[in-house]
Amino acid sequence: MPMEKNFTPAEAEARISALWTAQKVGAAGANAKPGAEAFSIMIPPPNVTGSLHMGHAFNNTLQDILIRWHRMQGHDTLWQVGTDHAGIATQMVVERELARSQQPTRRDMGREGFLAKVWEWKEQSGGTIINQLKRLGASCDWDREAFTMSGNFPDAVTKVFVKMYNDKQIYRGKRLVNWDPHFETAISDLEVENIEVKGHMWHFKYILADGQTYDYVEKDATGQVTFREKRNYISIATTRPETMLGDGAVAVHPSDARYAPIVGKMVHLPLCDRLIPIITDEYPDPTFGSGAVKITGAHDFNDYQVAKRHNLPMYRLIDTRAQMRADGAPYEVAVQRARQIAAGSPTDENEVDSLNLVPEKYRGLDRFEARKQVVADITAAGLAVTILVKHLDEETNSEHLTLEPVVEAKLIMQPHGDRSKVVIEPMLTDQWFVDTAKIVGPALDAVRNGDTQIIPQSGERTYFHWLENIEPWCISRQLWWGHQIPVWYGPNLPRGSFITGAADVGGGFKEFCAATGADALMAAQEWYGPEVKISVGEPSFRREAAFVGAIQNISASQLGDVPIGQVTSVSFHRDPDVLDTWFSSGLWPIGTLGWPEQTDELAKYFPTSTLITGADIIFFWVARMMMMQLAVVGEVPFKTVYLHGLVRDAKGKKMSKSLGNVIDPLEIIDEYGADALRFSNAAMASLGGVLKLDTQRIAGYRNFGTKLWNACRFAEMNGVWENHTTTAEPPTAKATANRWIIGETARTLSEVNAALNDYRFDQAANALYTFVWGKVCDWYVEFAKPLFDGEHAAETRATMAWVLDQSMILLHPIMPFITEDLWGTTGTRAKLLVHTDWPTYSTALVDPEASKEMAFVTTLIDEIRSARAQVHVPVGLKIDLIAMTLSPDARAAWQRNEAIIRRLARIETFTEGPAAKGSITLALDGASFAIPLAGLIDIAEEKARLSKTMDKLSKEIGGLNARLNNPAFAASAPEEVVDEAKANLQARQDEAAKLQAALKCLAEIG
RNA sequence: GGGCGGUUAGCUCAGCGGUAGAGCACUACGUUGACAUCGUAGUGGCCACUGGUUCGAUCCCAGUACCGCCCACCA
């Protein structure tokens, strides 16, 4: 059946996908030659909730190109596929789904019930992205699909946690962390986006205690007094008035002379019945605001540091939903205790945390509501810094003045949760951290010494900068969906409590970190003593609650006939929190290969070869994989990291649903085919910068596929595929055109290899585009037409078959579907194209003589076509050609390629001799031609044409002369450059002379 | 505030020491033995600006302007 006129992606892609799946073409080690080197890629696991967007399409296209390229070379390839459980994202999706279908909430159904729902959801809806990857043509090993919550992965995660805990690389602590009030969980620094928003700054007066006053003096740079006032207050500025309720002090810079008289004195905290001290610290900037800063240790990262330095109490004002606390004792009771603490009464972290110093009237308010109230109340109390504002009453046309608080409109950088988009609160809570400082060294060294290479190199600087300034990584999340932290808590009793009879429970917990609950229980039993009964409690949501539970249990155990002070039973809880998703993603390379088992795959494919990922997750993922793999198995996870930019729309705008500019890769595939999308992705992939996706461009590459298709169809119509079997080496050819195209093919192979070696997917794509369209279709197919009728017919058919075979092979990594389809419909094939050997012929096949000769032929054809068009010779009209001068090379070239030139330039007769009057003249290297067109041509137009060419030539000759006549050029420039310039000049001058003669000739006619 | 990158044809981008390339768009012509998802021929650029290095700079260096992106606690 003859080939259709066009490739039909929709039909062919489905058919070919099924073929590849059935034959498991992506299986690890498929097509590998014995003893071949391994080449492995770990897919950046998409979220299990995800669907394929353009970023995935781009990223996976590049991976597939590399994998197919290596597989065809006979390397032992593995492309590991899988998905990430994506803690927050998935929990969010499932909760939304529960709400939508009016099912009980997460809290109502409890942890176990909810997790069952998540799994149910995962089985039904999760992983659609995997099937979408297949539509893109991704040749992963589908049988090895991994999931960060399945198989050996949970085990691997737990083992790593335990190892890092034992190595003191993981610790628990009460720290100020970023708290997401929407999801009610801590998040890491990286999950915080700082967004500039419009805010306000208010100025408040904190009145000195006991009616004290001082001289407030401002001076200019020369020491001249510019302002002097007797004051009974200190002025502070804040953008977050509601936090003043928890202030522990007011800080000024030690060198700030304005406040020197009152350092150490106490001030009244407005709206509160507390006094706080004025302290000195390096943190306040005397030139900013009033120079005095309120210190709220529990709700600001800077203040936290100051409060720690000065041992100030950090009173927590806000609850997990970012409302003003409503828990604990009444305000009166709390504030009384706070005063005692301020006066030196002993206390501890837990007591301070339990004290709720929010006055009753603000309790339960959202923090933004509380802010308004606080400002209003302070203003009402006359403690806001105010100014007189003039108002014009329009009706009476009279002015009146009012005293209003100073509110500066100000752009402030406000932290937002990257998922929830709500304002993040710094919150003092108990969390788990990776002590990154302890594991960062090897990750830095590996890149510094080249064990891992980052492409483009600028990525290394970003990597270094972040790692060199790394902060502890908060890894605990107050979520349910994820890897639960493998730590169990019992009361903080000394070893062998039953025997020693220790009753002093003290504060905090005793932690038991173990891979399994049974191991933890065993460790606990060992710790408390064999006689102590350990009851395993339900994990409660907040660890604080678990703590209280444990203490009560001990008190209860003191009843009965057991002597006071002896412990007979303790309660024991697992930490309810789960790990940051990136903690498990960080183990993706070893986790997917079966670690902690020492599997064959681990031995063969680890460290992996190349990681291809977006530059946006260099910190989230790349740096952490480096640290974790090095910490756990002591090896880099990958040898090369290729970082790419974000895919944007044609104008460079971020694709977003709200902007309505999202380009769905599946729709693109439906419309243009996967190959067009893939080729477009490859062609966009130059290093660095933004990737602008233009559907017009994709259409262009679809057309490119059609072009190749039709070249093959042309071959079919000319019997090229009959009895053809593909061969690695090209056929022996005599005809110059055949020798030439074989050489061009070899040149292209070498360009593609070099480009892919350097991760220059764009250069590989462009080399192939230029070759297939610009060389094979534009020229070679045309050359073949006359050759099919001549003495070289057989070798031309063989050459064309070989060249098209090679085109399919070389294009296959980028355009797998159309090439596989063509492969199957042409010739006799031993294997699928996907498993066909990548060629190894060298550029020795490039035939310089053939190249030179075909350059002459194509230039001559171009010149004739150009001349014809410019003097408006009708396309259908055949013309005569006269060779006025012919060098021996040019004559031979003519003779060998006469049929080609005649056909493509549409020449009727060819003679040698002088030009007839009224001819147009062509000057080539080694030859000059005339086309007699008396009566047909417009003399003036031909003159204009020649003059234009002459102008261009003169300019070039002028430039070359200037260069060659400069003595410094001859002295300093390399010899070959000088020779080249000389040869160039000679050639230009020859051409110019011929054209000059032609012009003179025209002048005689005209 | 710190860091990284960009500025080349109308648009999107290659090129990165020997005076400019591609695709798209545009113009004209076109039933040429595959292809109109095409062919042929064309139009279009002081390579952001200012200095410097060099025989020679779009390319190297310095500065300026503008545009991106990342990081950052200024109350």
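Just so you know, these numbers come straight off a predicted model, no measurement behind them. Naming convention: chains lettered A, B, ... in sequence-line order (proteins, then strands); numbering from 1 in each chain.
- A41(B) atom P lies 14 Å from atom CZ of Arg906(A), rounded to whole Å.
- Contacts of Gly959(A) with the nucleic acid, taken as non-hydrogen atoms under 4.0 Å apart, include base atoms.
- Pro967(A) comes within 4.0 angstrom of nothing in the nucleic acid, heavy atoms only.
- With sequence neighbours excluded, no residue forms a ring-ring contact (aromatic ring centres under 6.0 Å, His included) with Phe204(A).
- For the side-chain contact (heavy atoms from CB on, under 4.5 Å) with Ile195(A), the lone residue among Met413(A), His416(A), Gln414(A) that qualifies is His416(A).
- Residue-to-nucleotide proximity on RNA chain B shows that, of Ala968(A) and Cys777(A), the 5′-proximal contact is made by Cys777(A).
- The nearest whole Å value for the distance from the CZ atom in Arg697(A) to the P atom in C13(B) is 8 Å.
- Remark on RNA chain B: of its neighbouring residues Ala699(A) and Asp789(A), the 5'-side contact belongs to Asp789(A), judged by nearest-heavy-atom nucleotide.
- When the ring-ring contact (aromatic ring centres under 6.0 Å, His included) test is applied to Tyr769(A), the partners found at least two apart in sequence or on another chain are Tyr701(A), Phe704(A), Trp773(A).
- Residues passing the ring-ring contact (aromatic ring centres under 6.0 Å, His included) test with Tyr206(A), sequence neighbours excluded: none.
- Within the 4.5 Å cutoff, the side chain of Ile295(A) has no heavy atoms near those of the Val250(A) side chain.
- C66(B): glycosidic angle beyond 90° from 0, hence anti.
- Remark: Lys5(A) is in phosphate contact with A36(B), judged by side-chain N or O atoms under 4.0 Å from OP1 or OP2.
- Within residues 861-868 of chain A, the residues approached by RNA chain B to less than 4.0 Å at the level of any non-hydrogen atom are Asp862(A), Arg865(A), Ser866(A), in residue-number order.
- Here the side chains of Ile278(A) and Tyr259(A) are not in contact, with every heavy-atom distance at 4.5 Å or above.
- A48(B) and U7(B) have their P atoms separated by 8 Å, with the value rounded to a whole Å.
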### Heavy-atom protein contacts under 4.0 Å, nucleotides 68-75 of chain B, coded B base, S sugar-phosphate only, - none
-SS-BBBB
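- Under the 4.5 Å side-chain criterion, counting only non-hydrogen atoms from C-beta, Leu960(A) is not in contact with Lys955(A).
- Residue contacts shown for Trp202(A) are absent, as no nucleic acid heavy atom lies under 4.0 Å away.
- A donor-acceptor contact closer than 3.5 angstrom links the side chains of His310(A) and Asp281(A).
- The pair Glu908(A)-Lys878(A) fails the salt-bridge criterion, with no side-chain N (NZ, NE, NH1 or NH2) lying under 4.0 Å from an Asp/Glu carboxylate O.
- Note: CZ (Phe704(A)) to P (A22(B)) measures 17 Å, nearest angstrom.
- Contact check of residues 706-718 of chain A against RNA chain B (heavy atom, cut-off under 4.0 Å) returns Thr706(A), Lys707(A), Asn710(A), Ala711(A), Arg713(A), Phe714(A), Met717(A).
- Contact between the side-chain N/O atoms of Gln870(A) and the OP1/OP2 oxygens of A41(B) is not found at any separation under 4.0 Å.
- A straight line from CD of Glu4(A) to P of U37(B) spans 16 Å, rounded to a whole angstrom.
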